[in-house]
Participant: 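Dropping a structure here in structure tokens format, bear with me for questions.
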Amino acid sequence: MKVLLTGATGYIGSAVTDHLTAAGHQVVALTRGAEPRPGRGWHAQLAGDTADPASLAGAVTPEIEAVIHLALPSGDADVDTAVIEALATPLRGTGRPFVYTSGVWVLGATGQAQEVGEDALVNPIDLVGYRPRIEQRVLAEAAEGVRAVVVRPGIVYGRGGGIPALLVDRARRKGRPEYFGEEGVRWPTVHVDDLAELFVAAVERAEAGTVWHGVGEPAVAVRDLARAAGRAAGVLAAPHALPAEQGAEDFGPLFADALALDQSVSGAAARTVLGWRPARPGPVAELVSGSYRPVEVFGAPDGPGTDAEVTAIRQLVAEVEYAQQNELADRFLSLFRPQDPVWTTGHGRRLSGFEEIATFTRKVLPGAAAESTAVYDVERVLFLRPDVAAVNVRQQPVHLDGTRITDLPEGRPFYILVKEDGTWRVGAAQNTVVAD
Ligand SMILES: NC(=O)c1ccc[n+]([C@@H]2O[C@H](COP(=O)([O-])OP(=O)(O)OC[C@H]3O[C@@H](n4cnc5c(N)ncnc54)[C@H](OP(=O)(O)O)[C@@H]3O)[C@@H](O)[C@H]2O)c1
């Protein structure tokens with residue numbers, strides 16, 4: 001399909017462009033700047049400003065087979081309504097899809113209700129006060145022969161961006177992880193690439209007049225997100241809840257309300273009906289060992305192939321951490337290559353061969369995490385060969401609540417990893433305690 005995409009330069013729009021293109025569609029990007037922006041995977045680019053609906057006349061030509069409207073709302077209900085009219089009217093009677101992007105904030109606080117679905121009544125916070133009316137205006141186009149669809153994303157994360165990036169930036173600037181509102185606040189979340197796949201599914205097969213929640217995880221504790229954002233920022237400290245007034249001062253009262261909103265929202269319908277399969281790591285894993293904490297990579301070309309290998313390597317190191325924190329000896333040992341592995345401990349003891357490593361692990365691991373533990377972050381990956389990588393890791397001692405033990409030194413584990421039968425494992429490892 002030839003898809004007109006507003007908001008194509010944005011955070012979600014960039015991912016939607018990638019996934020539409022990968023699915024064989026052509027993206028015609030509507031951008032407010034007329035100057036060409038090459039290298040984004042667009043088939044064509046068209047000038048238009050959603051703050052000036054008249055500029056959109058003629059944007060939806062007969063060869064446009066679908067419209068996805070992702071540009072930010074203007075803040076003026078009349079202007080946004082006129083934009084819907086300008087973009088949807090040319091599709092009337094064609095049965096072609098018009099997908100409008102709303103958001104879960106139209107549902108307001110969901111209270112104790114668990115995983116609110118698309119049939120729940122809206123109760124918008126002030127920031128999105130008129131948005132339900134725009135949704136209704138869009139859905140009314142179903143009666144005019146437009147395949148009108150509304151997608152409501154949760155809080156979008158991934159690709160190092162979105163609102164979680166604000167938490168990372170804030171933790172870095174303030175030297176402690178912070179969040180706003182009550183301690184128990186939960187956000188429905190979605191990975192930007194999973195969400196982009198939902199837009200592709202919606203444009204390809206959602207029925208006219210339908211609403212879909214783009215939600216991967218229904219209710220993630222914001223306190224956990226803040227802690228993970230701190231880790232991404234290199235700040236291992238307890239998350240700090242700030243009063244809503246502080247948020248209002250920093251972000252304005254409307255956005256502060258949104259950040260403090262407690263929601264539990266289901267994305268089950270899109271899975272069941274549209275066959276949507278959100279499969280990316282959750283927001284905490286993404287913050288701790290994904291796109292918010294880039295690693296230096298050497299010896300392999302840039303591209304999705306290398307990205308996938310680095311992700312798998314980070315996953316292995318996350319497993320090392322998990323096994324150690326939970327004292328899981330067998331799981332820890334399964335991460336080693338069975339054939340002649342070698343491990344030199346931080347105290348300089350060399351363990352040669354799987355049996356020696358197994359005996360040592362089974363002796364020292366039980367009880368090791370009773371009072372404190374450690375976190376492991378990949379900092380540098382050098383591909384010596386496509387299937388052999390030298391990996392520099394930063395190991396920091398932490399209390400059981402994840403805060404840094406300041407009077408214990410860091411370690412600098414160095415792993416030689418080998419990929420065999422499709423799986424990365426530790427072939428050799430050495431840890432060095434940082435002395436200065
Ligand atoms: N991010 C989230 O967590 C989230 C969650 C739920 C819903 N949403 C909704 O999803 C949509 C996209 O959000 P996003 O996070 O991708 O935002 P974003 O990164 O800020 O992107 C906004 C896009 O809108 C375009 N735009 C803004 N004003 C425009 C105008 N007057 N004319 C034409 N284009 C204009 C921007 O173009 P320029 O490059 O020219 O600025 C940009 O491409 C929004 O409706 C947002 O409310 C987002």
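First listed ligand is number 1; within each ligand, the first listed atom is number 1. We use all heavy atoms of the structure for the numbers below, so side chains are in, but hydrogens, waters and symmetry mates are not.
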Participant: Can you list the atoms of ligand 1 that are under 4.0 Å from a heavy atom of Gly154?
Facilitator: 3 (O), 5 (C), 6 (C)
Participant: Could you check Thr210, Ile134, Val211 and say which one makes a side chain to side chain contact (heavy atoms under 4.5 Å, CB included) with Leu139?
Facilitator: Val211
Participant: I want to confirm something. Looking only at heavy atoms, which of Gly7, Ala47, Gly13 is nearest to atom 23 (C) of ligand 1?
Facilitator: Gly7
Participant: Relative to the ring of Phe251, is the ring of Phe180 parallel (under 30°), tilted (30 to 60°) or perpendicular (over 60°)?
Facilitator: perpendicular
Participant: For Ala51, take its heavy atoms, then give the atoms of ligand 1 lying under 4.0 Å from any of them.
Facilitator: 31 (N)
Participant: Could you tell me whether ligand 1 has any atom less than 4.0 Å away from a heavy atom of Ser102?
Facilitator: yes
Participant: May I ask you to check if Arg394 and Tyr376 form a cation-pi contact, with NZ or CZ under 6.0 angstrom from the six-membered ring centre and within 45° of the axis?
Facilitator: no
Participant: Which ligand 1 atoms, with their elements, are less than 4.0 angstrom from a heavy-atom of Leu70?
Facilitator: 11 (C), 12 (C), 44 (C), 45 (O)
Participant: From Leu328 CG over to Leu335 CG, what is the distance, rounded to the nearest 0.5 angstrom?
Facilitator: 10.0 Å
Participant: Report yes or no: do Glu115 and Ser264 form a side-chain donor-acceptor pair below 3.5 Å?
Facilitator: no
Participant: Does an N or O anywhere in Val156 fall below 3.5 Å from an N or O of ligand 1?
Facilitator: yes
Participant: Nearest non-hydrogen atom to atom 17 (O) of ligand 1 belongs to which of Thr31, Thr6, Leu72?
Facilitator: Leu72
Participant: Do other residues, nucleotides or ligands put more than 12 heavy atoms under 6.0 Å from Asp401 CG?
Facilitator: yes
Participant: Decide whether the shortest distance between a heavy atom of Arg131 and an atom of ligand 1 is less than 4.0 Å.
Facilitator: yes
Participant: Short list, please: which atoms of ligand 1 are under 4.0 Å from a heavy atom of Asp49?
Facilitator: 30 (C), 31 (N), 32 (N)
Participant: Could you go step by step and tell me if His19 and Phe199 meet the ring pair (Phe, Tyr, Trp, His ring centres under 6.0 Å) rule?
Facilitator: CA-CA 9 Å; His19 287 270; Phe199 275 97; over 10 Å; no
Participant: Does ligand 1 have any atom that is closer than 4.0 Å to a heavy atom of Gly33?
Facilitator: no
Participant: Could you name the option among Asp52, Thr50, Ile163 that has the heavy atom nearest to atom 29 (C) of ligand 1?
Facilitator: Thr50
Participant: List every atom of ligand 1 that sits less than 4.0 Å from any heavy atom of Pro73, numbering the atoms from 1 in the order shown and giving each element.
Facilitator: 45 (O)
Participant: Do Leu30 and ligand 1 have an N or O pair less than 3.5 Å apart?
Facilitator: no
Participant: More than 12 heavy atoms of other residues, nucleotides or ligands under 6.0 Å from CG of Asp407: yes or no?
Facilitator: yes
Participant: Less than 3.5 Å apart, any donor N or O on the side chain of Glu371 or His399 sitting next to an acceptor on the other?
Facilitator: no
Participant: Show me which atoms of ligand 1 lie under 4.0 Å from any heavy atom of Gly10.
Facilitator: 19 (O), 21 (O), 42 (C), 43 (O)
Participant: Is it true that a side-chain atom of Trp187 and a backbone atom of Leu259 form a donor plus acceptor pair closer than 3.5 Å?
Facilitator: yes
Participant: Quick check: Ile12 and ligand 1, any N/O pair under 3.5 Å apart?
Facilitator: yes
